[in-house]
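To keep things clear, I will list the structure first and then write my remarks on it.
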Amino acid sequence: MYMTTDQIRDAYLKFFEEHGHTIVRSSSLVPYNDPTLLFTNAGMNQFKDIYLGKEKRDYVRATTAQKCVRAGGKQNDLDNVGYTARHHTFFEMLGNFSFGDYFKKEAITFAWTLLTEVYKLPKESLMVTVYDKDDEAYNIWKDIVGIPENKIVRIGDNKGGLYESDNFWQMGDTGPCGPCSEIFYDHGEDVQGGPPGSPDEDGDRFIEIWNIVFMQYNRKIDGTFEKLAKPMIDNGLGLERIAAVLQGVHSNYEIDLFVELEKTVASILGVSDLNDKSLRVIADHIRSCSFLIADGVLPSNEGRGYVLRRIIRRAVRHGRLLGAKEVFFYKIVSKLVELMGKAYPELVAQQALIERTLKKEEEQFLNTLDRGLALLENELTKLGDSKTVPGDVAFKLYDTYGFPADLTNDVVRDRGYVVDMEGFDKCMAEQKARAKSASTFGIDYNKELKITENTVFTGYDGLESESKIT
Ligand code: ATP
Ligand code: MG
Ligand code: MG
Ligand code: MG
């Protein structure tokens with residue numbers, strides 16, 4: 001059944017409201033009071049303290065449409081944009097949450113009812129995964145929902161250790177954790193890719209649309225698990241992914257909202273091929289950049305601001321690929337505000353700031369972009385048969401021309417090259433050491449260039465040390 005992105009969001013919130021959930025506004029992309037998390041990357045982030053038992057609210061069921069950014073931190077989808085049909089740097093996660101109220105049976109049947117009765121998805125096109133030790137979830141899918149057994153896949157510890165699995169979620173090294181169950185949509189034989197659990201699962205045919213987390217244990221400091229007295233639910237459905245399904249297209253980048261953005265970019269830059277990958281990258285990046293600025297992040301050389309700067313520079317480079325002769329990125333903002341301003345009024349309120357910031361940032365980068373690209377091309381011709389861009393070249397591009405290492409990688413990736421990141425890191429460390437000795441003379445040229453080790457709370461993957469945000 002065709003539904004617009006706005007209709008899908010509304011229908012989700014309405015469905016869960018009718019089932020006793022309180023509609024809660026999206027929280028900011030800058031996590032409140034949580035220095036361990038780079039950006040909000042899941043619906044559950046704003047409820048973390050409730051799950052940890054540190055906070056109580058006057059409701060036990062909640063539903064949200066949450067702004068998420070997965071770029072730069074542990075959950076980094078920046079390098080997937082332009083390469084898969086299902087990843088964005090910014091996306092909306094539709095969520096429903098139970099804080100010690102309902103559990104597995106209700107969570108699974110809510111999801112199934114919404115998908116098959118409200119969104120009217122054909123049951124034959126859906127597949128699910130469960131954690132292999134979770135017979136309870138398996139049996140609910142089989143006996144209560146009635147899914148044929150060949151459509152239920154058990155996923156074990158596939159990530160290298162005990163309870164290290166795509167289907168076992170942990171908030172951190174300790175704390176609430178438990179198995180999960182994911183719902184996949186089969187986009188059909190003409191799309192490349194295999195079912196979940198198969199070697200070819202990363203293709204675009206079987207797309208994960210919904211992730212249900214059953215928090216039923218507390219992991220203690222000694223690594224043992226104790227059962228939670230009141231288990232909890234954390235659910236997330238990707239809005240753009242379900243929109244692709246309901247609009248009968250194979251890629252998130254072909255849904256109503258993205259087509260409008262892509263058309264806008266195409267008309268600004270005079271591009272005729274609407275399927276050009278660079279159009280998609282720019283349409284993705286204008287969303288993350290605008291939403292981040294609206295939430296108070298500004299381009300800088302460190303932390304969150306540096307992730308924003310990296311995304312902007314990648315967008316600018318893709319504009320160049322499409323033939324942009326002058327500053328263009330900020331011109332897409334008004335269209336985005338028109339498309340999403342109703343659901344997210346902060347975009348309307350901050351439109352002027354967003355445009356000004358993007359314009360200035362692009363102007364600055366344009367001064368060095370062409371010269372950096374020319375230098376890079378020249379270096380590539382010197383490589384002969386090697387497909388590795390030396391670290392010192394990537395570092396020169398970074399240091400002199402403002403090319404973040406991931407941008408250099410994006411430039412050369414389609415031609416089969418990779419950047420020697422170890423070499424790049426070494427050059428960076430050397431420069432920091434030089435700057436330190438220079439500072440004994442009272443001048444620290446690198447004062448603004450703090451590349452810190454950040455500990456990032458990743459929502460779904462736990463606490464992890466993030467090496468470098470360059
Ligand atoms: P994938 O395996 O496809 O990368 P995930 O398992 O990392 O997805 P979750 O962390 O389970 O994703 O997030 C819950 C839901 O949010 C996913 O089922 C998906 O629908 C959506 N989602 C996750 N990452 C993205 C993204 N980068 N862009 C768009 N939607 C996303
Ligand atoms: Mg992912
Ligand atoms: Mg997944
Ligand atoms: Mg998942």
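Heavy-atom basis, side chains included; hydrogens, waters and symmetry copies ignored. Numbers for residues simply follow the sequence, beginning at 1. Indexing begins at 1, ligand by ligand and atom by atom, following the structure's order.
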Salt bridge or not for Lys263 and Glu260, using N-O below 4.0 Å? yes

Which is closest to atom 5 (P) of ligand 1 by heavy-atom distance: Glu240, Glu208, Arg86? Glu208

Test Arg304 against every option in Leu29, Val297, Asp295 by the side-chain contact (heavy atoms from CB on, under 4.5 Å) rule and name the one that passes. Val297

Answer yes if the ring centres of Tyr138 and Tyr131 are under 6.0 angstrom apart, and no otherwise. no

Member of Thr129, Val153, Ile207 meeting the side-chain contact (heavy atoms from CB on, under 4.5 Å) criterion with Phe184: Thr129

Check for me whether the distance between the ring centres of His19 and Phe110 falls short of 6.0 Å. yes

Side chain, backbone, both or neither: which part of Asp77 comes within less than 4.0 Å of ligand 1 when only heavy atoms are counted? side chain

Subset of ligand 1 atoms that lie under 4.0 Å from at least one heavy atom of His87: 1 (P), 3 (O), 4 (O), 26 (C), 27 (N), 28 (N)

Please confirm whether the ring centroid of Phe328 lies under 6.0 Å from the ring centroid of His318. no

Structural part of Met93 in contact with ligand 1, heavy atom criterion under 4.0 angstrom: side chain

Applying a heavy-atom cut-off of 4.0 Å, say which part of Arg70 lies close to ligand 1: side chain, backbone, both or neither. side chain

I want to confirm something. Looking only at heavy atoms, which of Phe184, Tyr185, Phe91 is nearest to atom 16 (O) of ligand 1? Phe91

Check whether any side-chain heavy atom of Val128 lies under 4.5 Å from a side-chain heavy atom of Glu182, and answer yes or no. no

Looking at Tyr51 versus Phe99, is the centre-to-centre ring distance below 6.0 Å? yes

Do Phe329 and Phe365 have their ring centres less than 6.0 Å from each other? no

So, for Tyr12 and Thr64, which heavy atoms are closest and what is the spacing to 0.1 Å? CE2-O, 4.4 Å

Could an N or O of ligand 1 be found under 3.5 Å from any N or O of Leu237, whether backbone or side chain? no

How far apart are the closest heavy atoms of Tyr253 and His87, and which atoms are they? OH-O, 2.7 Å

Mark up the atoms of ligand 1 that fall under 4.0 Å of a heavy atom belonging to Ile209, in ascending order. 18 (O), 20 (O)

Record the part of Glu182 in heavy-atom contact with ligand 1 below 4.0 Å; permitted values are side chain, backbone, both and neither. side chain

Specify side chain, backbone, both or neither for His88, according to which of its non-hydrogen atoms lie closer than 4.0 Å to ligand 1. both

So which protein N/O/S atoms does the Mg ion (ligand 4) have within less than 2.8 Å? Glu182 OE2, Glu208 OE2, Asn211 OD1

